[in-house]
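Whatever order the structure lists ligands and atoms in, that order sets their numbers, starting from 1. Keep in mind that this is a model prediction, so the values were computed, not measured.
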Amino acid sequence: MASKMTTLEDLYIDTLKDLYSAEKQLVKALPKMAKNAQSPDLQKALQEHLRQTEGQVERIERIFQELEGSPRGKKCMGMEGLIEEGNELMQEDAEPDVLDAGLIAAAQKVEHYEIAGYGTARAWAQRLGYDKAARLLQETLEEESMANEKLTKIAESHVNMEAQ
Ligand code: FE
Ligand code: ZN
Ligand code: FE
């Protein structure tokens, strides 16, 4: 890879850039997922998470203000793949309830991926003494967890059952 990675700080910054790219990709992808969602509660949940995601982008920008660097310059390949799988699903000729069940699954993969990323980044921020960054990362981590739980509730409340 292009840049040398010597310290945990280097890895931490690289991870933040990766998360930044992931969130930016998601800001672009969520409107299409919301538009394709058939049930109003799933639509609403995805739109709400779009607004949260925009705030998460800003949190990472705030973290970089203190680091005196730019969060740009990296592409999160993991998120690209997850979004691509969601796009594949939306190209299928799926029944509405089946499509929603698939969209929930795709969105939950995204949330779990982000939860893993933010959990790691927060732990490294703490270890490196970046307390403010650790708090900001914790806030996002909680939003991702809540988004994931909300998707589980929507799935359990009706979507998966109607798809049977
Ligand atoms: Fe996010
Ligand atoms: Zn990534
Ligand atoms: Fe998320």
Side-chain angles (χ1 to χ4, degrees), residues 11-67 69-90 99-128 130-160:
L11 188 59
Y12 169 64
I13 288 168
D14 192 74
T15 296
L16 290 176
K17 287 184 179 188
D18 194 76
L19 285 167
Y20 186 72
S21 165
E23 300 291 15
K24 295 278 275 191
Q25 291 184 58
L26 213 48
V27 165
K28 287 199 188 125
L30 276 168
K32 188 179 170 189
M33 289 177 76
K35 207 175 140 204
N36 276 268
Q38 303 294 305
S39 81
D41 52 356
L42 180 56
Q43 257 177 25
K44 191 166 158 270
L46 292 170
Q47 282 161 358
E48 275 176 17
H49 198 54
L50 170 61
R51 281 190 292 277
Q52 281 183 325
T53 302
E54 288 165 345
Q56 294 168 356
V57 167
E58 284 170 21
R59 278 195 198 108
I60 297 175
E61 287 168 350
R62 282 169 64 191
I63 290 169
F64 271 87
Q65 278 169 13
E66 279 196 321
L67 292 170
S70 167
R72 282 161 230 281
K74 193 170 197 288
K75 178 153 200 180
C76 178
M77 304 304 289
M79 185 60 79
E80 184 179 44
L82 291 173
I83 289 169
E84 181 53 33
E85 289 188 1
N87 283 334
E88 278 176 16
L89 170 75
M90 289 186 278
L99 176 60
D100 276 2
L103 283 172
I104 290 171
Q108 287 197 285
K109 283 183 190 172
V110 165
E111 296 316 319
H112 281 256
Y113 183 74
E114 292 181 305
I115 287 165
Y118 278 104
T120 299
R122 183 213 46 201
W124 289 345
Q126 279 168 342
R127 192 160 139 191
L128 292 164
Y130 293 122
D131 295 341
K132 193 178 156 200
R135 278 197 299 278
L136 290 168
L137 293 167
Q138 176 64 29
E139 281 174 32
T140 294
L141 184 56
E142 282 167 16
E143 284 176 358
E144 310 294 23
S145 291
M146 284 189 301
N148 179 57
E149 281 164 27
K150 188 175 217 168
L151 289 164
T152 297
K153 283 208 180 82
I154 292 170
E156 286 175 353
S157 69
H158 63 97
V159 178
N160 285 344

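When distances from the Fe ion (ligand 1) to the N, O or S atoms of Glu144 are compared, OE2 comes out shortest. The N, O or S atom of Glu114 lying closest to the Fe ion (ligand 1) is OE2. Among heteroatoms of the N, O or S kind in Glu111, OE1 lies nearest the Fe ion (ligand 3).
Taking the charged nitrogens against the carboxylate oxygens, Arg62 and Glu58 have no contact shorter than 4.0 Å, which rules out a salt bridge.
The side-chain hydrogen bond (donor to acceptor under 3.5 Å, both in side chains) with Thr140 is formed by just one residue from the set Arg122, Glu114, Arg59; it is Arg59. Of the residues Lys153, Gln108, Glu111, Lys109, the one that meets the side-chain hydrogen bond (donor to acceptor under 3.5 Å, both in side chains) test with Asn148 is Gln108. Lys24 pairs in a side-chain contact (heavy atoms from CB on, under 4.5 Å) with only one of the listed residues (Leu19, Ile60, Thr53, Val57), which is Val57.
In summary, Glu143 places no N/O/S atom under 2.8 Å from the Fe ion (ligand 3), failing the contact criterion. Metal site remark for the Fe ion (ligand 1): Tyr118 contributes no N, O or S atom at a distance under 2.8 Å.
In this structure, Tyr20 has its ring center at least 6.0 angstrom away from the ring center of Phe64.
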